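Predicted model, so just to flag it, every value in this text is computed and none were measured. So that the names make sense, note that chain A is the first sequence line, chain B the second, and so on, each numbered from 1. Computed from heavy atoms alone, side chains included, the values below leave out hydrogens, waters and symmetry copies.
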Protein chains: 2
Amino acid sequence: MATGRTHRPATRSRGIPEATVARLPLYLRALTALSERSVPTVSSEELAAAAGVNSAKLRKDFSYLGSYGTRGVGYDVEYLVYQISRELGLTQDWPVVIVGIGNLGAALANYGGFASRGFRVAALIDADPALTGRTVAGIAVQHTDELEKIIDDNGVSIGVIATPAGAAQQVCERLVAAGVTSILNFAPTVLSVPDGVDVRKVDLSIELQILAFHEQRKASEENPGAGIDGSLPAAEEPPVVAKRAARNQTPAAGAERSASPDQGPDGDVPAVMPA
Amino acid sequence: MATGRTHRPATRSRGIPEATVARLPLYLRALTALSERSVPTVSSEELAAAAGVNSAKLRKDFSYLGSYGTRGVGYDVEYLVYQISRELGLTQDWPVVIVGIGNLGAALANYGGFASRGFRVAALIDADPALTGRTVAGIAVQHTDELEKIIDDNGVSIGVIATPAGAAQQVCERLVAAGVTSILNFAPTVLSVPDGVDVRKVDLSIELQILAFHEQRKASEENPGAGIDGSLPAAEEPPVVAKRAARNQTPAAGAERSASPDQGPDGDVPAVMPA
DNA sequence: ATGTCTTTGTGAACGCGTGCACAAAGATGG
DNA sequence: CCATCTTTGTGCACGCGTTCACAAAGACAT
């Protein structure tokens with residue numbers, strides 16, 4: 001899960017719990033699909049299955065929005081689509097800028113899901129003069145120098161950062177200074193922003209690592225003792241020996257495997273695409 | 001927050017809470033940066049700041065791994081890097097396949113962060129014969145027909161799905177049948193998988209919608225009553241009229257930009273890149 | 001050795017989120 | 001109009017996760 005909010009005492013959004021807000025888009029997607037099939041109503045059970053959640057949870061979520069269902073029948077699909085869209089603020093137009101038009105930035109620009117839900121790519125911005133003027137997804141790439149003007153002219157309040165990690169914080173500061181108050185960050189860095197600015201982070205590397213953790217656990221479960229070391233009795237004291245041993249073999253485990261001479265020294269290499 | 005796990009009673013991973021596991025990669029990144037700067041030790045306070053979390057939380061997280069710190073001093077950077085890497089299973093090689101080499105798939109293939117942490121792109125797979133044979137990021141794209149063989153030959157247990165939504169479930173099933181037990185899903189769909197298979201989801205559209213929600217809230221806070229409608233008194237009845245109104249202003253904008261003839265009718269258009 | 005000072009590791013309290021289970025609401029049929 | 005049946009809306013209890021706050025541990029100086 002793309003994690004990371006920034007500050008904020010959590011539940012404060014006028015009653016609607018953060019966890020519920022995070023699920024609304026899920027419901028909306030399922031409802032949209034039903035709407036396209038001209039299904040008039042759904043029960044919480046059906047919709048929950050389609051969204052991949054528990055029906056009780058779904059009902060409770062909807063209860064925060066109001067009582068939009070009809071007992072014995074279910075929910076009116078169209079009506080619910082409207083209510084959720086409104087609640088999420090999707091009934092208005094949200095101009096968005098994407099900064100950093102590398103592989104990922106281009107992929108985002110081409111993403112159809114953007115426009116389909118109230119979001120409009122107002123501009124693509126990159127620091128590389130070579131890209132300036134070229135068009136991606138039918139939109140001309142503009143130079144970073146124009147950033148402030150673009151934000152201002154289009155009334156942009158949401159920015160997407162798809163730059164290398166090294167440039168992210170600086171870009172972030174310029175966006176914020178120019179008036180952006182919500183940022184979706186794909187760079188593998190912790191952005192620090194002033195209060196009042198929301199940051200959400202999407203980090204592919206982290207997701208993979210979490211998967212690896214569970215994968216490893218699964219493996220050691222069906223084949224105990226196969227772990228590199230005892231692993232399991234982690235509660236024990238892996239005496240100083242281990243500590244020392246670790247000390248020198250450690251760094252960048254990848255060293256031995258050495259498949260490709262990836263990057264030179266830099267291990268945390270921001271690389272071109274973070275996600 | 002790339003969200004979405006699938007099933008599983010949560011905390012069961014031999015003591016380490018799920019929330020903690022999700023933060024370990026964050027610590028690891030910060031530690032790696034310190035390691036590169038040859039910093040020998042860090043205090044929980046410093047490291048917490050670098051990772052963007054609360055220091056008490058960080059200490060508690062580490063306490064689940066064991067007592068790796070030294071009171072009065074802090075944590076040994078190298079040692080901690082090793083411990084966390086081991087815990088996450090990053091000391092071993094994880095061959096990964098990416099299915100769906102569109103804009104996003106290509107971006108992922110080019111992502112340097114992959115190789116830098118024990119992950120190795122074993123193969124790129126796509127259903128489009130036009131792509132087969134072409135190389136992306138120095139890796140040849142293979143046809144979907146080879147999927148099972150590739151998984152088997154390389155002992156792949158982690159798969160990345162970057163296909164359009166329509167193909168995701170089917171690809172998922174083939175991956176699972178072939179032996180994959182962890183999936184990172186970028187397609188905007190709910191995947192259903194058998195027990196024992198982990199699924200993590202990354203969905204750009206959802207992240208943006210969550211940002212829009214908060215953005216809208218901010219706007220209506222500093223300018224109450226400016227909302228499209230009363231908004232706040234959501235508990236009220238926004239009669240049928242609104243319902244209709246919403247109907248026709250809403251839908252799929254993406255149609256215009258029409259860059260590529262993605263898919264025809266499908267309204268929830270998976271498009272080329274989901275996330 | 002002894003004292004002081006820093007920083008960890010954790011017990012305990014609190015709050016959010018989840019899921020159960022059921023009463024109330026309303027549709028539907030006779 | 002009444003009975004029955006379906007499905008919502010929610011009170012309640014439980015558990016995970018977060019945070020506070022402090023005692024214990026160890027470094028370091030004297």
Side-chain angles (χ1 to χ4, degrees), chain A residues 1 3-24 26-27 39-49 51-77 79-80 83 234-237 240 243, chain B residues 1 3-24 26-27 39-49 51-77 79-80 83 234-235:
Chain A
M1 104 174 262
T3 44
R5 296 280 309 303
T6 306
H7 274 260
R8 194 176 307 282
T11 310
R12 161 287 198 87
S13 311
R14 236 289 290 131
I16 301 183
E18 193 57 31
T20 294
V21 173
R23 279 189 295 269
L24 291 182
L26 230 49
Y27 302 144
V39 177
T41 61
V42 262
S43 66
S44 62
E45 203 70 51
E46 296 168 320
L47 185 54
V53 304
N54 176 304
S55 72
K57 193 186 296 184
L58 178 146
R59 286 198 299 276
K60 180 148 292 190
D61 282 342
F62 285 175
S63 78
Y64 292 118
L65 308 184
S67 290
Y68 296 153
T70 304
R71 302 183 188 219
V73 177
Y75 300 90
D76 180 297
V77 173
Y79 184 54
L80 205 46
Q83 288 301 339
E236 298 305 317
E237 274 293 16
V240 191
K243 193 166 180 177
Chain B
M1 155 199 89
T3 44
R5 297 280 308 304
T6 307
H7 274 258
R8 193 176 309 280
T11 309
R12 162 286 199 86
S13 311
R14 234 293 289 127
I16 302 183
E18 192 57 31
T20 294
V21 172
R23 279 188 295 268
L24 290 182
L26 229 49
Y27 302 144
V39 176
T41 61
V42 261
S43 67
S44 61
E45 203 69 52
E46 295 167 322
L47 185 54
V53 304
N54 176 303
S55 72
K57 193 186 295 184
L58 177 146
R59 286 197 300 278
K60 178 145 288 191
D61 282 342
F62 285 174
S63 77
Y64 292 118
L65 308 185
S67 290
Y68 296 153
T70 304
R71 301 183 188 220
V73 177
Y75 300 89
D76 179 298
V77 174
Y79 183 55
L80 205 45
Q83 288 301 340

CG (B/Asp61) and CG (B/Asn54) are apart, to the nearest 0.5 Å, by 10.0 Å
Which of C/dT10, C/dG17, D/dT8 is nearest the side chain of B/Arg59? It is C/dT10
Assert: residue with more 5' nearest nucleotide on DNA chain C, out of A/Ala56 and A/Gly72, is A/Ala56
Within the 4.0 Å heavy-atom criterion, would you say B/Tyr75 contacts the bases, only the backbone, or no part of the nucleic acid? sugar-phosphate
(Q) I'd like to check B/Glu46 versus B/Tyr75 (side-chain heavy atoms, cut-off strictly below 4.5 Å). Are they in contact? (A) no
In terms of heavy-atom contacts, A/Ser44 and A/Ser55 come closest through O-CB, 3.9 Å
Ignoring hydrogens and geometry beyond distance, is the side chain of B/Arg71 in donor-acceptor contact with the base of C/dT8 at under 3.5 Å? yes
Atom CG of A/Leu65 and atom C1' of D/dT8 are separated, to the nearest Å, by 14 Å
B/Thr70 has its side chain closest, among D/dC20, D/dA27, C/dA21, to D/dA27
Side chain proximity check, B/Leu24 to B/Leu65, heavy atoms < 4.5 angstrom: yes
- [ ] Ignoring backbone atoms, test whether A/Ser44 places a side-chain nitrogen or oxygen under 4.0 Å from the OP1 or OP2 oxygen of D/dT8.
- [x] yes
Detail all sub-3.5 Å separations between protein N/O atoms and N/O atoms belonging to nucleotides 11-13 of chain D.
| unit_1 | atom_1 | unit_2 | atom_2 | d |
| --- | --- | --- | --- | --- |
| D/dG11 | O6 | A/Lys60 | NZ | 3.2 |
| D/dC12 | N4 | A/Lys60 | NZ | 3.2 |

In terms of heavy-atom contacts, A/Gly15 and A/Tyr64 come closest through O-CD2, 4.3 Å
Do the side chains of A/Tyr68 and A/Phe62 get nearer than 4.5 Å, heavy atoms only? no
